[in-house]
Structure formats: C-alpha cells, structure tokens
Amino acid sequence: MHPATGEDQEVTAGQTWLARDMTQIAANLAAVQARIAAACQRVGREPDSVELLPVSKTRPASDVLAAHAAGYRRFGENKAQEAEAKASELAHVADLDWVMIGHLQTNKAKLVARFASEFQALDSLPLAAELDRRLQAEGRQLDVLIQVNSSAEDSKFGLPPDAVPAFAASLTSFDALRVRGLMTLALPSPIDDEVRACFVRMQQVQTRLREQGVAGQTYDELSMGMSGDFELAIQHGATVVRVGTAIFGQRSYPAVG
Ligand SMILES: *Cc1c(COP(=O)(O)O)cnc(C)c1O
C-alpha cells in the first residue's frame, strides 16, 4: 500500500486525507529547511546553526505526528491549555518537547511548569517568580528566553531593549529558570528595512548581555523570524526560527492571546 499517494482503493476517504496532509507537511518542512539552508549560505552560516521550530498552535495532534515522523521533536505552542491538551494526547510519543512561545498569564505558570521544556516569552519578574516556584514544586527546570519588544511599537509584550540587561541580572535568584537567550516578534511590515531594524536591535541586546555577563546565563539563542521574515532573521543571527503557516498552512482560526 502507498498511503502517501492516496491511490490505494482500500483506504477510506478520511485516511486518504490524513495521508495527503502528512505528505504535504513533510514537503513543506523540506521546503522551509531548504530556504533556511539557502539563507544560511548567503551569509556564510552553517545550515545546522538554525533550528526550525514548527509552530503547531491551532493545529491538531495529527499534524504534530506528521512533523514528528519527518524528524521534528520540538513544537511551538502559544496557549497553555491547548498545548497541555496536545501534550497529554501525545504522551505516548516519548521524545516530544513543548516550547511555549506566547505571552503567559501568571495564573497559567502552574500548568506550563508541568509539561513545557522551554518558555520563550519571559518578560516579567512576577511571572519568573511564579514559574520558578511551580517548577521547584515539580522538581523541574525550564529553559527560558527573554522576550524583547524590538519594534519600538506599542506592542503589548516583551521588554524594551534597554530594560533587558537589568531584567536578566534579576533572574539569578530563580534556580529553576535557565536563561538561554532572547526572543522577539519583529514589526509585521512589508518594508524589509523596518523588519531588519528589529533584528539588528536584538543582536545589540545580545551583545550587551554578553558584555554584562551573568553567572549561569547564556545568550546564544536568538529566536526570531516567522513564516514571513525568517530569511531576514537568519541574515541577522537567528538561531531559532518559529514557523507555522509555511509548514501547516493557514490557520483555520486565529491564535491570539
Ligand atoms: C504563531 C506564531 C509564530 C508562527 O507564525 P507564522 O507566521 O504562522 O509562521 C511565531 N511566533 C509566535 C510567537 C507565534 O505566536
């Protein structure tokens, strides 16, 4: 049988669709990966210096399984409850890691402390304190990236670039949080130079953090770039690109909040 072709008469219509979805997701992953490699080559970076993080928010667990079958094990989600539900549904898959990439309300810290392996949107001390407390209770640790508001717009989330060094220094008392780097959403602009300015600001913040140097913290990860701007982000040092639409297709419902 060739499930990928959908030609076998014995598969049901539903199974055929699933097989086609799987093939499509694998093809999209390969296409994005090729664009990552090309973007790396243009600036003399190694292709494996950039991680493709598939963003599975709003997508069913079957989409995660399709990407997992294609070799991916870390998945980006932006809502705690949705992610936790997917993590439970896929608990039988031993090597999945859940990366929370969206703003988190303090009252959801308990949930995230249970199942997430990384949190990329840390931007407040009360949240850091609550995450740390809940992680200690679970006997777990969490890799964290500090979210930066790099667009100088009135974006709701992320710290202003100038506030990041002091914020990073104040995280040292939270033993369960391992600071690994920075995350941002660039300005959603059709003008490359405006987007580029956001990524350049991130590199500047990273440099300042390295100069400051806080024991136990590393700042190697720069999570920036999405479906519309990941090549530009790679040009400016992204180590993680968070890609949803270009892999899984248009989301059928919005994923805000
Ligand atoms: C949804 C989301 C993405 C992926 O966006 P696409 O444009 O679908 O690639 C990346 N980062 C964050 C924080 C998101 O919420």
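Quick note: numbers below take in every heavy atom, side chains included, and nothing from hydrogens, waters or symmetry partners. Please read these numbers as outputs of a predicted model, since none were measured by experiment. Atoms within each ligand, like the ligands themselves, are counted from 1 in listed order.
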Which ligand 1 atoms, with their elements, are less than 4.0 angstrom from a heavy-atom of [X]?
| X | result |
| --- | --- |
| G244 | 4 (C), 6 (P), 8 (O), 9 (O) |
| S227 | 6 (P), 7 (O), 8 (O), 9 (O) |
| T245 | 6 (P), 7 (O), 8 (O), 9 (O) |
| R242 | 4 (C), 9 (O), 10 (C), 11 (N), 12 (C), 13 (C) |
| K57 | 1 (C), 2 (C), 3 (C), 14 (C), 15 (O) |
| V243 | 9 (O) |

Exercise. Should M226 be counted as touching ligand 1, given the test is an N or O pair under 3.5 Å?
Worked result: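 No.
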Problem set entry | Of R59, K86, K57, the residue whose pairing with E77 passes salt bridge (Lys or Arg N to Asp or Glu O under 4.0 Å) |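 It is K86, the one option of R59, K86, K57 that forms the salt bridge (Lys or Arg N to Asp or Glu O under 4.0 Å) with E77.
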For this session: Using a 4.0 Å heavy-atom cut-off, say whether Q120 meets ligand 1 through its side chain, its backbone, both or neither.
Result: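 Contact part for Q120 vs ligand 1: neither.
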Exercise. Is it true that atom CD of Q212 has more than 12 heavy atoms of other residues, nucleotides or ligands lying nearer than 6.0 Å?
Worked result: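 Above 12, so yes.
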Exercise. Among side-chain atoms of D21 and T23, is any donor-acceptor pair under 3.5 angstrom?
Worked result: no
Exercise. Is the closest side-chain donor-acceptor distance between Q33 and Y72 under 3.5 Å?
Worked result: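 The answer is yes; a qualifying pair exists.
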Exercise. Just going by heavy-atom distances, which of T184, D229, I101, V241 is nearest to atom 12 (C) of ligand 1?
Worked result: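 That would be I101.
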Problem set entry | Residues which pass side-chain contact (heavy atoms from CB on, under 4.5 Å) with Q24, listed by chain and number, not counting sequence neighbours |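 Only N28 meet the side-chain contact (heavy atoms from CB on, under 4.5 Å) criterion with Q24.
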Contacts table for residues 117-128: side-chain donor-acceptor under 3.5 angstrom, sequence neighbours left out:
unit_1	atom_1	unit_2	atom_2	d
S117	OG	W98	O	3.4
E118	OE1	R74	NH1	3.1
E118	OE2	Q120	NE2	2.9
Q120	OE1	S223	OG	2.7
D123	OD2	G158	N	3.0
S124	OG	L127	N	3.1

For this session: Identify the two heavy atoms, one from R196 and one from L232, that lie closest to each other, and give their separation to 0.1 Å.
Result: NH1-CD1, 3.6 Å
